Structure formats: C-alpha cells, structure tokens
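When a ligand or atom number is given, it counts from 1 through the structure's own listing order. Please read all numbers here as calculations on a predicted model, not as lab measurements. Note that these values count all heavy atoms, side chains included, but never hydrogens, waters or copies made by symmetry.
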Amino acid sequence: MHNLSLELVSHYFCPFVQRAVILLLEKEIPHQLTHIDLMNKPDWFLEISPLGKVPLLKVGSEVLFESSVICEYLDEVTPGALHPQDPLEKAKHRAWIEFASTTLVVMYDFLNAPTKEVFEQKHQELMSKLTWIERNLDTPYFGGKSFSLVDAAYAPMFYYFDALDEIADFGLAKAPKVNNWRQNLRSRPSIQRAFAKDYAQKLLMMLDQRDSHLSGLARHSKTLSK
Ligand SMILES: N[C@@H](CCC(=O)N[C@@H](CS)C(=O)NCC(=O)O)C(=O)O
C-alpha cells in the first residue's frame, strides 16, 4: 500500500469525478476531497490542470488528470486488482471504460440540449449506446462475477438516470441486463457511500435551473403532478 498523500480535486456533480470517488471508497484509500467551482475556477487549479477539468488527483507533489488514468493508478497502488490480469480481457475492459466516457458525453448533450430536435437526436444516440452496452454486458457485474473498474466507470451514469426517471419515462430502463446491473451497482456499499441519498434529487434541481429542452419538460411534469 502506498503512503503518499492523496487529494482529489472534485466537483460533486461530475460523473467523471465520482468514478474516482467510488474507487477511493471501494478500496478504502485515505484521501482528501477538495471541491471547486467550475464556473469560477481558482487560479491554483488552472495552474495545475492541463485541460482545466476535474477530476485531478494530487499525489504528493505530482498531479494526475483523466478519470480512467486516476482510477487505474489508484487500483495499481492498492491490493486486489479491479482490472483483469489477462491482457486481452484488460484491453476489452479499457475499451468499455472509454465507451462509458463517450456515453457520458452523449448523456451530457442530451441533458443540455437547447432544442427539441437536438434533444431527440441525443436521446436516440443515448439509446443506441445502451443497446451496445446491453449486448456486451455480463451479470451481476459488467465483466461477470466480480466488480471491476468498468463498473465504477458506469455507475455515476445511473444516478443521472434516476433523476431523468423523475421527469419522464425516456425508456432508460428498457434494456433488461443494463437494468439488472444498475440495481446491482446501487447496492454496492462503495457506491452507496459515494452518492448521498438525495443525489438524484439534487441533480434534478440543478438540471431544472438550466435553460434546456429537458428543464422545460421537468417544469411541465411538475405542473402536471400538482
Ligand atoms: N475525460 C475527462 C472528462 C472530465 C470532465 O469532462 N470534467 C468536467 C466536469 S464533469 C469538467 O471539469 N468540466 C470543466 C470544463 O470543461 O471547463 C475525464 O475522464 O476525467
């Protein structure tokens, strides 16, 4: 086990940050969390963040960026590998982590789509991504019996799905294997600790404040439920 001081520079609603938080909790790695305001990035952050994005992991005086790299590092310096040993399996897991990142970007565009047209296009793209995941998913976890880095990479997406489910049925629970996996991840202790009970509700409030097609739908659904 390493004995370096670890500080994760974070934003609570960033799904990429939450991957690293899950890893830190899953492996019970002592760390410090520092939240920053992404609308008003502090100078010290801009000086050390090559892309101006969170998460960053400060390891002593070194800085790591990119969530998948941070998660692999945290996995490698602690016992109990969450990546397969076999090179081909490991490469496949890395590929599906990359796919998770692409899916999160599509989800972000869906959440923030300014018009109905863009919203519908992004919805279709998101559903197509879920179909790919459904076809390549094992159970109870992505790679089968054991929890892996792939699971940590996708788990944050499902909290966004919880928030979306409150607005309307977007068909996100249609894929049976994805649905089952979503429930399994929800009951993992590290994931429960990474996301407060009201995380989805807070996401909903945040989405509501935006000027997007989705926030219009959210306001409409609230009016209907009154
Ligand atoms: N590929 C990056 C993506 C990280 C990312 O997009 N972070 C967002 C927040 S969720 C960010 O910091 N955005 C600030 C900006 O782009 O100005 C990773 O996996 O770490």
Return yes when atom CH2 of Trp44 has more than 12 non-hydrogen atoms of other residues, nucleotides or ligands closer than 6.0 Å, and no otherwise. yes
In a check of ring pair (Phe, Tyr, Trp, His ring centres under 6.0 Å) between Phe195 and each of Tyr159, Tyr160, Tyr12, which one passes? Tyr159
Before accepting this row, confirm whether a basic side-chain N of the pair Asp138/Lys177 lies closer than 4.0 Å to the acidic partner's carboxylate O. no
Can you tell me which residue among Tyr141, Trp181, Phe142, Tyr154 is in a ring pair (Phe, Tyr, Trp, His ring centres under 6.0 Å) with Phe147? Tyr141
Salt bridge between Arg94 and Glu98, side-chain N to carboxylate O under 4.0 Å? no
Please check if Ile167 and Val118 belong to a single hydrophobic cluster, counting links between Ile, Leu, Val, Met, Phe, Trp and Tyr side chain heavy atoms closer than 4.5 Å. no
Atom pairs and distances, ligand 1 N/O vs protein N/O under 3.5 Å:
unit_1	atom_1	unit_2	atom_2	d
ligand 1	1 (N)	Glu66	OE1	2.9
ligand 1	1 (N)	Glu66	OE2	3.3
ligand 1	7 (N)	Val54	O	2.9
ligand 1	12 (O)	Val54	N	2.8
ligand 1	17 (O)	Lys41	NZ	2.5
ligand 1	19 (O)	Glu66	OE1	3.4
ligand 1	19 (O)	Ser67	N	3.3
ligand 1	19 (O)	Ser67	OG	2.6
ligand 1	20 (O)	Ser67	N	2.8

